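Notes follow once the structure below has been shown.
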Number of protein chains: 2
Amino acid sequence: MKNEQPRRTTIHDVAKAAGVSIATVSKALNNNGRMQPETRDRIKRAAAELGFRPNALARGLLSKRSFTVGLLTNDTYGRFSLPMMAGVSEALVDHGVSVFLCATNDDPALTHLHIEALLDKQVDGIVFSATRLDRRPHMDLSSLPIPVVYVFAEGPPGSVVIIPDDYQGARIAVQHLIDKGRKRIAHITGPDDYRAVRVRAEAYRDLCGGDEPVLFGEWEESWGHQAVDLLWSRDQAPPDALFCGNDQIARGAIDALRDRNIAIPEDVSVVGFDNWEIVAEQTRPSLTTIDMGMKELGRQAGLAVLTLSKGQSMSGGTRKLPCSLVVRQSS
Amino acid sequence: MKNEQPRRTTIHDVAKAAGVSIATVSKALNNNGRMQPETRDRIKRAAAELGFRPNALARGLLSKRSFTVGLLTNDTYGRFSLPMMAGVSEALVDHGVSVFLCATNDDPALTHLHIEALLDKQVDGIVFSATRLDRRPHMDLSSLPIPVVYVFAEGPPGSVVIIPDDYQGARIAVQHLIDKGRKRIAHITGPDDYRAVRVRAEAYRDLCGGDEPVLFGEWEESWGHQAVDLLWSRDQAPPDALFCGNDQIARGAIDALRDRNIAIPEDVSVVGFDNWEIVAEQTRPSLTTIDMGMKELGRQAGLAVLTLSKGQSMSGGTRKLPCSLVVRQSS
DNA sequence: TTGAAAGCGCTAACAG
DNA sequence: CTGTTAGCGCTTTCAA
């Protein structure tokens, strides 16, 4: 693998080719200042012919804006962060801003290393994201000389935070079951030290009252399975609907229901959470679930850092983005 | 959200504080040139006190190296790319190199946009990755003025390509089954227009001969289910082992076996491919499978661009990294 | 041993 | 309307 480095064409090359000074080239290409349209055209043509592209480093040195932002994430395996990151990237590329990916691996030293590298590179801002909403950075980012936006993560008071609206998401899930005529809706969910779990449970209770219990457990299929066994071994009438805290739990529950020869959705409707498509679509019957719109979260976070990095102010606080219901066959 | 921008401390501030010139500061901090140890110390102390960090833009402008690389990926939902990206990021951060994440979304126009943005930002190199090995970029990257490394993707002849060793991976999977005393090993896999599928099938045939058929299908649980039905409805003795093309197919197969009251691993052993942990661990029994070492692939790709970007040469061609067997309960 | 000066590629005043 | 000049923050000769 050889590696040739032909000197890139600079503004000087364009100036020479067009027979003008570099200042004129600069103005022509940036549509600044006044000049004869003919000159401008000639310069632009010369630039195009030479394939001239302005050096962003030089530009940034002068303008104090690098048109880059950093994206910190601790999620190396998760299924949420990838669409989110894609959303950030997509939102910003249109504005000529590129995104530095920083995998922190939940390691404070590594995080520190990344942040220093980002600051050295003069990033215009930082997007911090985590694997769960109530996770805070291992480091105080609020004293950095650049704006920080938190997405799918907690931030210090007054900061810009963008998260899915878990309450509303749970609400439309339960409302959907109610609309289907279900009367005894149970809620099988994850560990109650997750804030999202508590918020969703609250929405559930607000709609269903306290008749059915909320079953807290693990984010695992086996817990869904187990919870169904629990519910169906009580003395009272079993539920006619299950609202599950995520798609894995829902899948475990569906398996357990099938073992008991309970028809879905005829006898029991099931709704999951996350719209983890690869699971939701393969479950039989395919799973009705809640989509948190991770890509849109990312996009908004991207636009937020962009705004802040331009020095424009924006109101801090937590912005909750609506979830949506994806109806499949399990309800 | 307010947005204060206190001017960053520059080399001039350090020079003033230490009572020397900026040239001396530069040399002191970079351990260049000769000077009294005492002076060097004094300057370093002043720099540390002021929290001075050199501006990478200015440095890059001069040195022609930006200490950044671009990572192009078309994978927005996949489970492979995230560890791979983390590997790239991890390998490079130690060298002060940051990684630009570019989600191309399989859109040629967007890809083009990203590449232009990267070139403008003077990236030292590009890592191209895809969702499947035989996918090539929508664009000719080989004529770029910077080195390009392909990971989990095909590249033009002579380029540096880093992929998992599918043949070896399939081999150790099948060998593991043979070692367990299995005699009739079937292979249920994905669509045969994937090169990885063909390579793995070849390894399987080389070890097992042509007695059992290779069943090509979809990367879906339902196909695993269906394939088991096929195999068990033949007139001949059913297999005593299944080597599946990925973990989803394996899971579908396991479900089908359970439906038939076939004991795993007593009657039939099952081995998957991908080590998609969230699936492999939740399957009952948990799934023995092949790990492609995506993170290591990423790390190597990162180190490769780094080498090339320094102008050092390295031999092109396809480097295959070994897969490993993760033994769980299904075998 | 240290400092002055030039220059990386570009933009923005200010002259001409 | 166009060109000269200064300077962004840094490294690197070259003189002192």
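Quick caveat: nothing in here was measured; it's all calculated off a predicted structure. Chain A is the first sequence line, chain B the second, and so forth, proteins listed ahead of strands; every chain is numbered from 1.
dG3(D) atom C1' lies 15 Å from atom CD of Gln36(A), rounded to whole Å. The distance between atom CG of Asp13(B) and atom C1' of dC8(D), rounded to the nearest whole Å, is 14 Å. Atom P of nucleotide dT2(C) and atom CD1 of Ile11(B) are separated by 15 Å, given to the nearest angstrom. Rounding to whole angstrom units, CZ of residue Arg65(A) and C1' of dC10(C) are separated by 16 Å. When rounded to the nearest whole Å, the span between NE2 of His12(A) and C1' of dT11(C) equals 12 Å. Atom CD1 of Ile43(B) and atom C1' of dT11(D) are 15 Å apart (whole Å). The distance between atom CZ of Phe52(B) and atom P of dT11(D), rounded to the nearest whole Å, is 7 Å. dG7(D) atom C1' lies 17 Å from atom CG of Leu57(A), rounded to whole Å.
Here the shortest heavy-atom pairing between Asn105(B) and Leu110(B) reads CB-CD2, 3.8 Å.
Below 30°, between 30° and 60°, or above 60°: for Phe100(A) and Phe100(B) the angle between ring planes is below 30°, a parallel geometry.
Comparing dT12(D), dG7(C), dC10(C) by their nearest atom to the side chain of Ala58(A) picks out dC10(C). Distances were taken from every side-chain heavy atom of Leu62(A) (C-beta onward) to each of dT2(C), dC10(D), dC10(C); the shortest belongs to dC10(C). For Met35(B), whose side chain is taken as the heavy atoms from C-beta onward, the closest listed nucleotide among dT1(C), dC10(D), dC8(D) is dT1(C).
Residue Thr39(A) is classed as a sugar-phosphate contact, given heavy-atom separations below 4.0 Å to backbone atoms only. Residue-level contact check: Arg34(B) touches the bases, meaning some heavy atom is under 4.0 Å from a base atom.
Proximity of Gln122(A) to Arg8(B): side-chain heavy atoms (C-beta onward) are separated by under 4.5 Å at one or more points. The shortest side-chain heavy-atom distance between Gln36(A) and Asp41(A) does not fall under the 4.5 Å cut-off. Counting only heavy atoms from C-beta outward, the side chains of Cys102(A) and Val93(B) never approach each other to under 4.5 Å. Counting only heavy atoms from C-beta outward, the side chains of Leu101(B) and Leu72(B) never approach each other to under 4.5 Å.
Between Asn32(B) and dT11(D), a side-chain N or O to OP1/OP2 separation shorter than 4.0 Å is absent. Taking side-chain N and O atoms only, Arg59(B) has no distance below 4.0 Å to OP1 or OP2 of dG9(D).
Residues of residues 19-30 of chain B that place a heavy atom closer than 4.0 Å to DNA chain C, in numerical order, are Val20(B), Ser21(B), Ala23(B), Thr24(B), Lys27(B).
Interatomic distance, CZ of Arg299(B) versus CD1 of Ile162(B), reported as 12.0 Å (0.5 Å rounding).
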